[in-house]
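Okay, so here's the structure we're looking at.
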Protein chains: 2
Amino acid sequence: MACRVIEYGGAMSRWAPDAALRLERAAVELFTVQGYAATSVPQIAARAGLTTRTFFRHFPDKRDVLFLRERELPGVVAALVAGAPAFLSPLGLVMHGFEAMATGPFEGWREDIRSRRAIIGSDQGLRERELLKNVLLGEVISEALERHGVDGDEARMVARYGVTVFELALTDWLQADGSAFVDVLHSTAYRMGRLVRPARQGE
Amino acid sequence: MACRVIEYGGAMSRWAPDAALRLERAAVELFTVQGYAATSVPQIAARAGLTTRTFFRHFPDKRDVLFLRERELPGVVAALVAGAPAFLSPLGLVMHGFEAMATGPFEGWREDIRSRRAIIGSDQGLRERELLKNVLLGEVISEALERHGVDGDEARMVARYGVTVFELALTDWLQADGSAFVDVLHSTAYRMGRLVRPARQGE
DNA sequence: GACCGTGATGACACGGCATGCCATCAGGGT
DNA sequence: ACCCTGATGGCATGCCGTGTCATCACGGTC
């Protein structure tokens, strides 16, 4: 939402707004230029005109700075699932939520997401954090499903499945050229559903 | 495999075998008694009769000590998938691999796995590491599927799905009383397949 | 029996991460 | 003018993880 450009060099003393956003921008720039491991937290803080201690007030650790933009994601998706038509199947509810978000602001974030994913892919610790965020998203979706009357076990399974589809679709979308995310999401869901459908022969 | 009991108190100077195993046992005991965060690496090393530096020669970091027993897991499962009957569907290949392992030594490890999972659940960093291990397992399985002639995209999807089923089944198995892991695995696979199967109505 | 190569370990130093604690400062309300 | 709140600066501390070199045990060779 709040995505206005921040300037660093000038008189950017404290009490300036968007401290977290400034820190995030400084971090992404430094990570891109010199790599994640080679960038220290004091370096990021200095570039944002803040101190190390303040960095850790806005982010629980160094990794988390790359996921600032996704903090509201679980709440948004859960709300969309909660507002889905009640006649849908459990999987239909989840996909409705993702679909509603995919048709929204997602298209404009493509390059931002791509650059962050490039950094995340370069470090094992960042990959781990991303996986945790996805699982947490799944748990929130699972709760939303339960409020729709879905059984707990089924909610967990469908939520995990939906998040997996979302993950794979996101990767495809970033690699593909020009396709709308909604279309990639649908395609991935369809292909995966076909593969997972109990085969006629064997198993 | 090598699971013999280790003794600490005695003259356990260096050059004793199974240094990694001794470190792992010492770590699990300390984590169980006083918690993961409250246990330091020097403490673990001292209990195992070794030094901090040696700990980090056997494990890349403090978290990894809890996953020593699973180091061979990807290789084993991949081999089982590779040896699966060629007429099976992609998902059938994966499930054949998990099933073959479930009927094997898994039953005897239940209490070990349970105690480790209790520790893992108490710390976010450990949860992240567990998720990464699962994804890595999925990637190895995906490669095994490709060697069976499965398309790359399909292999990724089916492998991720299979690992998710395995995860959920494992959790169920640890909570349930007395059920064989193979049965829980089959039950989970069946229920999840039904949920994920494209519904007749809506979506 | 003496020599040497290999590999695991001990010991030390060092930088970065993360947190607790208190002082400081800006803004708003009274 | 006073106080309260909240964000920040600054300092100290402990643990994590790694690079480096010395040390020691074991096995092979002569």
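In what follows, chains are A, B, ... by sequence order, proteins preceding strands, each numbered from 1.
Residue B:H58 has no polar side-chain atom (N or O) positioned under 4.0 Å from OP1 or OP2 of C:dA8.
Distance, A:F31 CZ to C:dG16 C1': 13 Å, rounded to whole Å. Look at CG on A:L50: it is 16 Å from C1' on C:dT24, rounded to the nearest Å. A:K62 places its NZ atom 13 Å from the C1' atom of D:dG17, with the value rounded to the nearest Å. In this structure, B:L30 places its CG atom 14 Å from P of D:dC15, rounding to the nearest Å. Atom P of nucleotide C:dT19 and atom CZ of A:F59 are separated by 14 Å, given to the nearest angstrom. For the pair A:D18 CG and D:dT8 P, the computed distance is 11 Å after rounding to whole Å. Between A:L23 atom CG and D:dA7 atom P there is a gap of 14 Å when expressed in whole angstrom units. Taking atom CG of residue B:D64 and atom P of nucleotide D:dT18, one finds them 11 Å apart after rounding to whole Å.
The closest side-chain heavy-atom distance from A:E167 to A:L131 is below 4.5 Å.
Residue-environment remark: CZ (B:R117) exceeds the threshold of 12 foreign heavy atoms within 6.0 Å.
The listed nucleotides are D:dT18, D:dG9, C:dA18; the one nearest the side chain of A:T51 is D:dG9. For B:R53, the side-chain atoms get nearest to D:dT20 when compared with the rest of D:dG9, D:dC16, D:dT20. Of the candidate nucleotides D:dC15, D:dT8, C:dC17, D:dT8 has the atom nearest to the side chain of A:T54.
Salt bridge annotation for B:K133-B:E130: absent, with no cationic side-chain nitrogen under 4.0 angstrom from a carboxylate oxygen. Salt-bridge formation is detected for the pair A:E128/B:R129: a Lys NZ or Arg NE/NH1/NH2 atom is positioned less than 4.0 Å from an Asp or Glu carboxylate oxygen.
In this model, no side-chain donor or acceptor of B:R57 finds a partner on the base of C:dG7 within 3.5 Å.
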